Amino acid sequence: MIMNEVSDALHRIRHSLAHVLAQAVQRYRPGTKLGFGPAIADGFYYDFLLPEPITDEDLPKVQKIMVEIIKAKQEFSTEELSIPDAVKRIEDMGEPYKAEYAQELATKQGLETLSFYSNGDFVDMCEGPHVENTRDIPRNAFKLHNIAGAYWRGDEKNQMLTRIYGWAFEDKGQLHTYVKARTDAVKRDHRKLGNELDIYVIDENVGPGLPLWLPNGTVIIDQLQKLAEQFEFSDNYERVRTPVLTKGSLYEASGHLELYKDAMFPAMKLGDESENGDEYYLRPMCCPHHHIVFSSRPRSYRELPLRLAEYGHTFRNERSGSLHGLTRVRAMCMNDAHIYCTKEQVRDEFVRVLSLHKRYYDLLGLDDYFFRLSMWDPEDPKGKEKYVDDPAAWEYSTEVVREAMKESNLPYREVVGEAAFYGPKIDTQFMTVGLKEFTVSTTQLDFAVPQRFVDHGIDCTYVDNNGEKQVPYVIHRAPLSTHERFASFLIERFGGAMPTWLAPTQVRLLPVGADFEAYADKVCAELRKHFIRAEVDHSSDSLGKKIRSGTVSKTPNLLVLGANEVEDESVTVRRYGIKEQRTYPVAEFAQRLLTEIKTRKHVKEWDDADSIME
RNA sequence: GCCGAUAUAGCUCAGCUGGUAGAGCAACGCAUUCGUAAUGCGUAGGUCAGCGGUUCAAGUCCGCUUAUCGGCUCCA
């Protein structure tokens with residue numbers, strides 16, 4: 001499902017389309033200035049400074065001009081100009097952003113020439129490559145689909161430009177397939193399903209980004225939490241519980257007030273304001289608390305690795321424009337844990353954490369992921385501000401994480417310059433149903449914060465076998481991310497039809513008529529004795545309506561109960577998504593269902609159903 | 001936070017160029033007691049997001065605020 005590297009031909013087509021787009025927009029809105037216009041994962045975009053705004057209604061018109069340009073069979077030609085000539089050329093073109101970038105290429109990157117591509121009356125400073133002629137661009141395999149704002153060079157201090165996005169593929173069929181996938185994704189959007197299936201609400205009386213889990217959603221997160229407790233128990237984690245509110249001084253020690261304050265809710269003043277009033281904060285992360293638990297008494301090297309786990313509530317004052325359903329919220333509950341270990345243990349612990357990730361994904365039937373290893377950039381001129389200043393520790397930790405990654409034999413890619421302040425990190429990347437790359441969880445190695453605690457007089461150390469105090473390495477890990485983020489991901493993956501073990505209602509019993517309600521109640525009570533989440537449809541609807549309602553609710557098992565079933569103490573089962581039904585004795589049905597729930601298998605149809613039918 | 005768009009009943013949406021709101025589903029009631037994806041009839045439900053302006057008159061036009069959506073930035 002993860003997109004493969006695109007072919008060179010498609011890349012050329014997309015990049016050339018960006019030029020044709022710019023050409024068309026300059027024709028449509030004379031005076032338009034150009035920003036950047038690259039090929040991207042599903043097409044291309046171009047950033048413009050427009051003399052007057054453009055709207056969605058203009059897109060088909062621009063697209064039409066693009067088709068005309070393509071039909072005109074314009075030759076792409078290229079030329080290399082020396083820096084002075086290039087600068088003069090750009091001045092003639094009257095392009096301020098291009099001029100700025102040309103300056104940078106010449107001064108900072110030390111280029112001696114710059115290349116220009118032209119087709120028809122259009123010229124752009126660009127390193128290529130392009131198609132040979134606009135006729136090489138399939139004119140029915142691209143579509144302008146979106147207008148958005150984007151800062152020049154991605155920096156919010158700069159001018160906001162107008163970005164026009166297009167999808168582009170090698171033929172009409174591929175475009176059609178892609179557009180269909182995007183359209184289908186809308187139906188599986190967790191915000192839509194979350195509303196339809198009564199999973200959560202975000203209410204203006206509570207506040208933006210503060211979701212309320214309804215009973216159905218609560219079942220899902222309770223089950224995820226149970227799963228995590230079992231897996232973590234078997235990996236020798238210990239559970240702790242820590243408060244959501246904390247004195248500011250702790251966040252001075254951890255460095256959050258210095259580096260992370262923008263994402264924290266403002267301080268609360270507690271106590272007498274005139275004297276000794278301490279400032280308190282809602283916590284943005286659990287780690288400082290776990291560090292305090294670790295520091296609460298002297299620790300021996302024999303206790304390490306010490307793994308402290310908590311499903312912890314945290315609060316982040318996310319910017320209003322970034323809030324998004326359950327995937328970007330301001331109050332969340334994380335599958336958090338911190339592993340305290342010696343320098344020598346880091347590698348094995350990392351391997352163990354990666355394998356824990358794999359156990360979750362295998363269980364859930366998820367296999368289309370890769371890990372993104374984010375590393376520091378020793379060459380970064382701003383490195384001193386971006387990364388903790390300890391090159392030796394960076395080198396060691398980067399190498400040890402890379403080794404763990406290799407040993408785990410899991411797919412991964414390295415990204416230089418994306419590390420966190422405190423150490424390298426590993427993100428787990430999936431594709432969403434909308435075919436966008438999506439980070440589910442982050443694992444981070446931290447060799448700096450415990451030392452900061454020590455520097456602030458908090459004894460975050462252990463005693464080694466020489467009786468010397470040592471500062472531990474810490475691994476921050478949250479394979480199931482936050483309830484909010486993980487549930488939203490699963491809802492979209494399963495299209496709201498959760499595997500039985502996660503389903504809010506596991507069984508809905510549908511009496512064929514009023515005479516059979518007593519039997520339905522009896523069977524329901526029997527199932528509930530086994531903690532199966534069963535309920536009876538007591539409405540006066542027709543059977544057809546009950547089946548429809550049950551199906552729409554995506555309940556994995558619907559039981560039809562009438563005279564036949566009363567007769568031989570059985571149930572007739574409709575599994576979600578399967579038209580044909582099976583009849584089982586009540587006890588056998590319960591047993592099969594319990595096995596399915598206990599093993600957390602995601603099966604649509606029970607294997608040996610045929611033989612049971614006889 | 002920034003750029004752009006949107007905001008009508010619990011949900012999905014109508015409401016033409018300004019003349020004081022409408023449907024389907026859901027809910028509720030009555031009748032129906034039904035064998036495999038919608039039984040029929042009825043009832044109730046809206047300060048048209050909020051505030052201000054233009055106008056004889058605003059759901060409709062304008063401004064501000066809030067929220068949401070698509071991006072940017074940020075990030076779990």
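Lettering follows sequence order; numbering is per chain, from 1. All values derive from a computational prediction rather than experimental measurement.
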For B/rG71, does the base pair up with any side-chain atom of A/Tyr151 as donor and acceptor (N or O, under 3.5 Å, distance only)? no
For A/Lys604, give me all partners under side chain to side chain contact (heavy atoms under 4.5 Å, CB included), at least two apart in sequence or on another chain. A/Ile578
Between CG of A/Leu326 and C1' of B/rU68 the distance, given in whole Å, is 15 Å
5' precedence on RNA chain B between A/Gly154 and A/Asp541 (nearest-nucleotide basis): A/Asp541
Calculate the interatomic distance between A/Tyr519 atom OH and B/rC34 atom C1'; express it in whole Å. 19 Å
Should A/Lys157 be listed as having a side-chain N or O under 4.0 Å from OP1 or OP2 of B/rC2? no
Distance check, rounded to the nearest 0.5 Å: A/Arg14 atom CZ versus A/Ile40 atom CD1? 8.0 Å
Can you list, in residue-number order, the parts of residues 309-320 of chain A that come under 4.0 Å of RNA chain B, counting heavy atoms only? A/Arg316, A/Glu318, A/Arg319, A/Ser320
In short, salt bridge (charged side-chain N to carboxylate O under 4.0 Å, His left out) pairs touching residues 311-325 of chain A with sequence neighbours left out are A/Glu156-A/Arg319, A/Glu318-A/Arg328
In terms of side-chain heavy atoms of A/Ser542, which of B/rA37, B/rU39, B/rA76 is nearest? B/rU39
Atom CG of A/Leu323 and atom P of B/rC74: how far apart are they, to the nearest Å? 16 Å
Do A/Arg283's NZ or CZ and the ring of A/Phe265 fall within the cation-pi criteria of under 6.0 Å and 45°? no
Nucleotide of B/rC72, B/rU32, B/rA26 approaching A/Arg163 most closely (side-chain heavy atoms): B/rC72
Could you list all the salt bridge (charged side-chain N to carboxylate O under 4.0 Å, His left out) pairs where at least one residue sits in residues 185-198 of chain A, not counting sequence neighbours? A/Asp184-A/Lys187, A/Asp189-A/Arg191, A/Lys192-A/Glu196
Any chance you could list the contact pattern along nucleotides 45-50 of chain B? Use B for base contacts, S for sugar-phosphate-only contacts and - for none, protein heavy atoms under 4.0 Å, 5' to 3'. ------
Considering only side-chain heavy atoms of A/His324, which listed nucleotide, B/rA38, B/rU36, B/rG70, is closest? B/rG70
Return a table of donor-acceptor pairs under 3.5 angstrom between the side chains of residues 204-215 of chain A and protein atoms on other chains or two or more places apart.
unit_1, atom_1, unit_2, atom_2, d
A/Asn205, ND2, A/Asp203, OD1, 2.8
A/Trp213, NE1, A/Glu484, OE2, 3.3

State which of B/rG35, B/rG71, B/rA37 makes the closest approach to the side chain of A/Val560. B/rG35
So OH of A/Tyr576 and OG of A/Ser553: to nearest 0.5 Å the spacing works out to 8.5 Å
Interatomic distance, A/Tyr360 OH vs B/rA76 P [rounded to whole Å]: 19 Å
Hits for side chain to side chain donor-acceptor pair (under 3.5 Å) against A/Asp155, two or more places apart or cross-chain, chain-then-number order -> none
Regarding the side chain of A/Lys579, the nearest nucleotide among B/rA37, B/rG1, B/rG70 is B/rA37
Dot-bracket for RNA chain B, 5' to 3', Watson-Crick and G-U pairs with both distances under 3.5 Å, [ ] for crossing pairs, | for partner on another strand, reads (((((((..((((.....[..)))).(((((.......))))).....(((((..]....))))))))))))....
Is any N or O donor-acceptor pair between the side chain of A/Arg485 and the base of B/rA76 shorter than 3.5 Å? no
Would you classify A/Ser322 as touching base, sugar-phosphate or nothing, given that sugar-phosphate means primed atoms plus P, OP1 and OP2, and contacts are heavy atoms under 4.0 Å? base
Rounded to the nearest Å, what distance is computed from the CG atom of residue A/Asn557 to the C1' atom of nucleotide B/rU36? 16 Å
Looking just at side-chain N and O atoms, do A/Tyr584 and A/Arg582 make a donor-acceptor pair shorter than 3.5 Å? no
Check every atom of B/rG1, B/rG35, B/rA76 against the side chain of A/Glu156 and return the nucleotide holding the closest atom. B/rG1
B/rC3 phosphate, OP1 or OP2: any side-chain N/O from A/Tyr165 under 4.0 angstrom? no
Expressed in angstrom and rounded to an integer, what is the separation of A/Asp42 atom CG from B/rG71 atom P? 10 Å
Of B/rU36, B/rU33, B/rU68, the nucleotide closest to the side chain of A/Pro208 is B/rU68
Taking only the side-chain heavy atoms of A/Ala514 (C-beta and beyond), determine which of B/rU36, B/rU33, B/rA67 contains the nearest atom. B/rU33
Would you call A/Glu349 and A/Arg352 a salt bridge, taking side-chain N to carboxylate O under 4.0 Å as the test? yes
Side chains of residues 557-566 of chain A: which donor-acceptor partners sit under 3.5 Å, not counting sequence neighbours?
unit_1, atom_1, unit_2, atom_2, d
A/Asn557, OD1, A/Arg575, NH1, 2.8
A/Asn557, ND2, A/Gln506, O, 3.0
A/Glu565, OE1, A/Gly562, N, 2.8
A/Glu565, OE2, A/Thr572, OG1, 2.4

Between A/Tyr101 and A/Arg153, is there a cation-pi geometry (under 6.0 Å to ring centre, at most 45° from the normal)? no
Selection residues 540-552 of chain A - residue pairs positive for side-chain hydrogen bond (donor to acceptor under 3.5 Å, both in side chains), sequence neighbours left out: A/Ser539-A/Asp541
Per-nucleotide protein contact along nucleotides 5-14 of chain B, 5' to 3', at a 4.0 Å heavy-atom cut-off (B base, S sugar-phosphate only, - neither), is ------S---
Would you say A/Gln429's side chain and A/Phe370's backbone share a donor-acceptor pair under 3.5 angstrom? no
Test side chain to side chain donor-acceptor pair (under 3.5 Å) applied to A/Tyr237 - qualifying residues, sequence neighbours left out: A/Arg477
Which nucleotide in the list B/rA31, B/rA26, B/rG71 gets nearest to the side chain of A/Arg182? B/rG71
Given B/rG35, B/rG70, B/rG71, identify the nucleotide with an atom nearest to the side chain of A/Met160. B/rG71
